[in-house]
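Notes follow once the structure below has been shown.
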Amino acid sequence: MADNIRVRFAPSPTGFMHLGNVRAALMNYLFAKNQAGTFILRIEDTDEKRNIEEARAKILSDLEWLGLEFQEGPYKNGPYAPYLQSEREHLYQEKLAQLIEMKRAYRCFCTLEELENKRARHIALKQPPRYDRTCLRLTENQIQEKLATNLPFIWRCKIEDGHTATIADMAKGSIFFDMKNFSDFALTRTNGSSTFMFANFVDDWLMEITHVIRGEDHLTNTAMQAELYHTFSVPLPIFWHLPIICNNKGEKLSKRDFGFSLEDLKTAGFLPAAIVNYLAIIGASFKEEIQSLEELVTNFDFSHIHSSSSIKYDLEKLTWINHQWIARSNSYEMLEQLKSLLHKDIPTSMQTDAQELEKLITLLKPELKTLNDIVPLAAFYFDTPVIHKEDLVAHVGAEKTEHILHSIAECKQFLPNIELFLEHLKTLCKKHEISMKELFGSLRYLLTGQFQGIGIKDLLTILQPAIIEQRLSMN
Ligand code: GLU
């Protein structure tokens, strides 16, 4: 591997981070840390017009929440500042001037409509829709005439005839692009500002990025950027095109799929540790699936990268990982977050003091798949559950329901001695061939309104004796 590894996460401030972005950020971070390199944040904000400040701040806060700390970037600076593309236009203009000087860039005056017609014609003739270089053939006089009438234009990069661009990809090895299949691409927009293609290339070059780690959807951009590296005779970075994350129909994940946006997952009560854990292990093999960010840094094997072009998003797996991470987290640390969820949805929970809440959370923690599960799971503690005898009947049958209710009524006298209460209850139920599962399920239902949940002993310990008495008084 090269010395001084420098990688970058280069999001556009769209105001929303999706799992593809998060995975790109994560892989850049893990690679940099693993190789003792530098992880850079560069915000590609030349295109976005609305709420740009807010959207930039959101990227920073999302990265912080995920624990992906960068060494160089906006508001932090570093030797290659500025790290906001909107402050780097002069650098792109400098490089554009060099391309023009080398006669590798030309003005294109074709209107969008003209381009669209040409495209449609190519497609109708079953030809690849490439730009036909009309404007490359303009004479100097024709160009001056058009400029004199203030006709808008863009600069295009002239692809070298017969050139095959080659890139090295960490997962796929060498990839060759026959450049005759590509159009002379746009370097600027009609307002003179640089395109993503050009600015992104200039920045990677000037920021001395050694490895470009980004989504597979950028592969054709990579080909065109390889052309630019070739034109300027600068060495190419190594690339790693990350597989596209797909839903279970095999389609690229979109806003419609739950959990595509980081915000969805955050509000649904997923922990950052679980999200990064999941995104690191999909498409890779690990002996241990549950790994912290620090463990992933050491254990991720960058010399054996799978080269699939897509990976399936498995919400169930992510939820399982989240469950594992919640169970491992310290109740005290999660207390504030869980408390605010409870206070928001169960107003009566505000009367419970912090110590008592912590006790309850510790008991329920192993049951939580997401933090938000705390609300339905803990509701029984604050509000009397609504109980229907028919539900019990549906669960264990009419006869057993009667036996269970009678046995409970008989054994209640032993409370608050839980051991004694349960011992007698079990004996009575055995006589009526009621299984432990049926008994405990029914007891739990009467106390919480749910057949599944925390252990009976824990339940009887955490609820006040008077409340137990009242809830078990159904007949
Ligand atoms: N701004 C581009 C994006 O968000 C960056 C792609 C890249 O990493 O080069 O897709």
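In listed order, ligands and their atoms are each counted from 1.
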Requested in this report: For residues Phe185 and Phe198, establish whether the separation of their ring centroids is below 6.0 Å.
Outcome: no
Requested in this report: Check whether the ring centres of Tyr92 and His90 lie less than 6.0 Å apart, and answer yes or no.
Outcome: no
Query raised in the report: With ring centroids as reference points, do His211 and Phe302 lie under 6.0 angstrom apart?
Result: no
Query - Carboxylate-amine/guanidinium proximity below 4.0 Å for Lys33 and Glu69 - result: no
Report summary line: Glu44 heavy atoms within 4.0 Å reach ligand 1 at atoms 1 (N), 2 (C), 5 (C)
Requested in this report: Measure the distance from atom 6 (C) of ligand 1 to every protein heavy atom, then report the residue, atom name and distance (to 0.1 Å) of the closest one.
Outcome: His218 NE2, 3.3 Å
**Report entry** Protein heavy atom at shortest distance from atom 8 (O) of ligand 1
**Finding:** Arg8 NH1, 2.8 Å
Report task. Please check if the distance between the ring centroids of His241 and His218 is under 6.0 Å. Result -> no
Query raised in the report: At under 4.0 Å between heavy atoms, which part of Asn200 makes contact with ligand 1: side chain, backbone, both or neither?
Result: side chain
Query raised in the report: How far is atom 5 (C) of ligand 1 from its nearest protein heavy atom, and which residue and atom is that?
Result: Ala10 O, 3.0 Å
Query raised in the report: Do Ser193 and Glu89 have side-chain N/O donor and acceptor atoms under 3.5 Å apart?
Result: no
Query raised in the report: Would you say Asn21 and ligand 1 have an N/O pair spaced under 3.5 Å apart?
Result: no
Query raised in the report: N/O to N/O below 3.5 Å, does that happen between Phe196 and ligand 1?
Result: no
